[in-house]
Amino acid sequence: MADGGSTRTYDLVVIGGGPGGYVAAIRAAQLGMTVALVEKEPALGGTCLRVGCIPSKALLESSELFHQAGASFANHGIQISDLGLDLAKMMKRKDRVVKALTGGVRSLLKKNKIDHVQGIGSITADGNVKVSGGEPTQLNAKNILLATGSEPIEIPPLPFDGTRIVSSTEALSFESVPETLVVVGAGVIGLELGSVWSRLGSDVTVIEMADRILPGMDREMADELQKVLEKQGLTFRLGCQASGAEVTDTGVSVVLGDDQAITAERVLVAVGRRAYTAGLGLDEAGVTLDDRGRIHVDEHYQTDRAGIYAIGDVIAGPMLAHKAEDEGMACVERIAGIPGHVNYDAIPGVVYTWPELASVGLTEEQSAGRDVRIGRFPFMANGRARTADEKDGLVKIIADADTDQVLGVHMLGPRVADMIAEAALLIEFGGSSEDIARTCHPHPTYSEAVREAALDVDGRVIHK
């Protein structure tokens with residue numbers, strides 16, 4: 001670790017210890033660079049690990065088990081009496097998972113001889129890094145990588161107060177299950193956290209200004225997921241916009257665009273995230289932003305100033321941890337003079353509701369105007385899904401009608417978050433639906449639905 005008040009020179013200084021930043025730092029160290037990583041929070045891992053994807057998945061897993069115990073165990077001949085919820089214990093388990101993984105990142109930095117500097121990093125006019133927040137430290141950098149991530153968007157009608165009107169951060173740590181919860185935004189974060197609290201007993205209403213949930217994902221799959229979530233108890237008010245709120249000692253009255261109001265104990269605002277660039281010294285360094293406040297970079301992830309790079313949520317593209325990791329590795333490989341590669345057509349996205357929704361490549365809407373063939377296969381006809389009582393959902397494959405190259409794959413069903421990697425690999429290598437159809441899949445598994453959908457592209461599905 002760099003000593004307070006000292007000055008050291010590094011081949012690379014990374015600002016931001018999230019998935020993109022720490023992965024880039026490790027890859028750079030593997031390539032022989034001297035590396036320092038600056039992170040303002042005591043715990044490493046960034047938003048994803050500390051207050052994002054990891055704690056939310058821990059709660060999704062726990063809440064799904066609780067829901068299954070009350071709703072579906074009886075179908076398996078398992079009788080449970082006096083089912084109860086210990087929310088405090090559930091939260092402690094989540095915190096243990098996070099602590100173990102943040103500690104793991106710290107160990108990885110030490111293993112790879114990366115200097116971890118805690119504090120707030122900013123770029124100086126001469127192109128080095130100043131670290132504040134403790135005893136000032138100056139880091140001389142041959143190259144600087146900005147990986148500072150993003151923060152929740154706050155909207156004027158519903159300003160965060162941390163108690164009644166909250167962001168996803170606070171919604172991961174409620175001390176009690178809200179009797180009623182309004183979720184503003186039917187995107188990934190809103191649906192996942194809405195599902196958590198609905199499973200644990202909250203009456204959840206999701207408000208979305210668009211006429212559908214999950215804008216940007218395949219419409220057919222999003223509509224199917226909405227039907228399933230409605231069966232699970234979530235209520236959706238689409239084409240509806242929050243225009244104001246009145247906070248009381250017991251809850252929040254949210255005013256809607258149609259002059260109606262809906263009252264809830266808590267309100268979760270999950271309308272998206274924005275690049276976190278505050279305090280980085282970008283103006284002084286000559287680094288420009290685009291019209292959405294993201295750092296402008298070229299195809300090598302270099303900003304307008306030579307030697308300063310940016311990756312992840314602070315640049316254009318989907319705000320996904322795995323996208324940031326890929327960009328981090330590609331960026332430092334290019335700095336080292338070797339090829340770095342990110343195929344943005346093969347970056348999967350996942351919604352960790354239950355069933356899960358996973359997608360990679362073009363949606364049916366995005367393929368409009370192209371001559372395509374589409375294959376579908378429902379999980380209701382899949383043997384493994386039947387044995388698990390997981391009959392909701394389907395697999396959908398979109399292929400070019402002339403070449404049979406797979407353009408997009410969309411899955412709604414059990415454990416599809418793990419299955420989508422097969423489709424991402426296929427798209428990465430320019431594969432065809434015939435490649436999947438000719439590949440033996442183990443029986444009985446959920447993955448057989450992928451092969452059946454590929455067979456359906458050519459009109460020769462077996463089990464439908």
Side-chain angles (χ1 to χ4, degrees), residues 1-29 31 33-51 102-151 275-289 293-295 297 301-315 324-325 327-328 331-332 335:
M1 178 172 299
D3 296 328
S6 66
T7 300
R8 291 192 60 181
T9 299
Y10 296 90
D11 295 319
L12 177 68
V13 174
V14 180
I15 302 178
Y22 82 75
V23 168
I26 291 172
R27 182 66 183 124
L31 292 169
M33 299 184 199
T34 55
V35 184
L37 184 145
V38 181
E39 168 58 47
K40 67 178 182 177
E41 298 291 340
L44 292 164
T47 294
C48 176
L49 206 163
R50 294 183 298 102
V51 289
T102 57
V105 174
R106 186 179 297 274
S107 297
L108 288 172
L109 296 188
K110 184 177 180 180
K111 174 184 175 182
N112 287 277
K113 297 179 174 57
I114 297 165
D115 283 350
H116 168 214
V117 184
Q118 186 181 340
I120 300 171
S122 60
I123 307 172
T124 61
D126 61 358
N128 290 305
V129 174
K130 178 180 70 175
V131 182
S132 57
E135 189 173 354
T137 300
Q138 176 84 10
L139 305 177
N140 294 336
K142 297 178 182 178
N143 298 283
I144 298 170
L145 177 57
L146 303 173
T148 48
S150 59
E151 61 183 347
Y276 185 82
T277 58
L280 287 176
L282 301 183
D283 288 341
E284 297 84 346
V287 174
T288 61
L289 306 178
R294 302 169 301 192
I295 296 173
V297 295
Y301 306 105
Q302 185 166 250
T303 67
D304 297 324
R305 178 160 178 171
I308 300 178
Y309 303 82
I311 60 164
D313 288 4
V314 292
I315 69 171
E325 291 179 357
E327 288 176 339
C331 178
V332 297
I335 291 173

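Computed from a predicted model, the values in this text were never measured in an experiment. By convention here, the first residue in the shown sequence is residue 1.
Nearest heavy-atom pair, Ile144 versus Gly127, reported as atom, atom and distance to 0.1 Å: CD1-O, 3.3 Å. Pairing each heavy atom of Ala29 with each of Ile114, the nearest pair is CB-CG1, 4.0 Å. When every heavy atom of Val332 is checked against every heavy atom of Arg27, the shortest pair comes out as CG2-CG, 3.6 Å. Taking every heavy atom of both residues into account, Tyr22 and Leu37 meet most closely at CA-CD1, 3.6 Å. Between Leu145 and Cys331, the shortest heavy-atom distance links the atoms CD1-SG, 3.9 Å.
With a 4.5 Å cut-off on side-chain heavy atoms, Thr124 and Val129 do not count as touching. Side-chain contact between Thr303 and Thr288 is absent, with no heavy-atom pair separated by less than 4.5 Å. Looking at heavy atoms from C-beta onward, Asn128 lies out of side-chain contact with Leu139 at the 4.5 angstrom threshold. A 4.5 Å side-chain heavy-atom check between Glu327 and Tyr301 finds at least one atom pair inside the cut-off. Between Lys113 and Val35, every side-chain heavy-atom pair lies at or beyond the 4.5 Å cut-off. No side-chain heavy atom of Lys130 sits less than 4.5 Å from a side-chain heavy atom of Pro136.
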Return a table of donor-acceptor pairs under 3.5 angstrom between the side chains of residues 276-286 and protein atoms on other chains or two or more places apart.
unit_1	atom_1	unit_2	atom_2	d
Tyr276	OH	Lys40	NZ	3.1

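Remark: side-chain polar atoms of Asp11 are paired, donor with acceptor, to backbone N or O of Thr34 under 3.5 angstrom. Gln302 places no side-chain N or O within donor-acceptor distance of the main-chain N or O of Val297, the cut-off being under 3.5 Å. Between the side chain of Glu39 and the main chain of Glu41, a donor-acceptor pair closer than 3.5 Å is present. A donor-acceptor pair under 3.5 Å is absent between the side-chain atoms of Ser150 and the main chain of Asp313, judged by distance alone.
For Ser107, there are no side-chain contact (heavy atoms from CB on, under 4.5 Å) partners at least two apart in sequence or on another chain. Partners of Ala324 under the side-chain contact (heavy atoms from CB on, under 4.5 Å) rule, at least two apart in sequence or in another chain, do not exist in this structure.
Just one of Asp115, Asn140, Thr137 meets the side-chain hydrogen bond (donor to acceptor under 3.5 Å, both in side chains) condition when paired with Arg8; it is Asp115.
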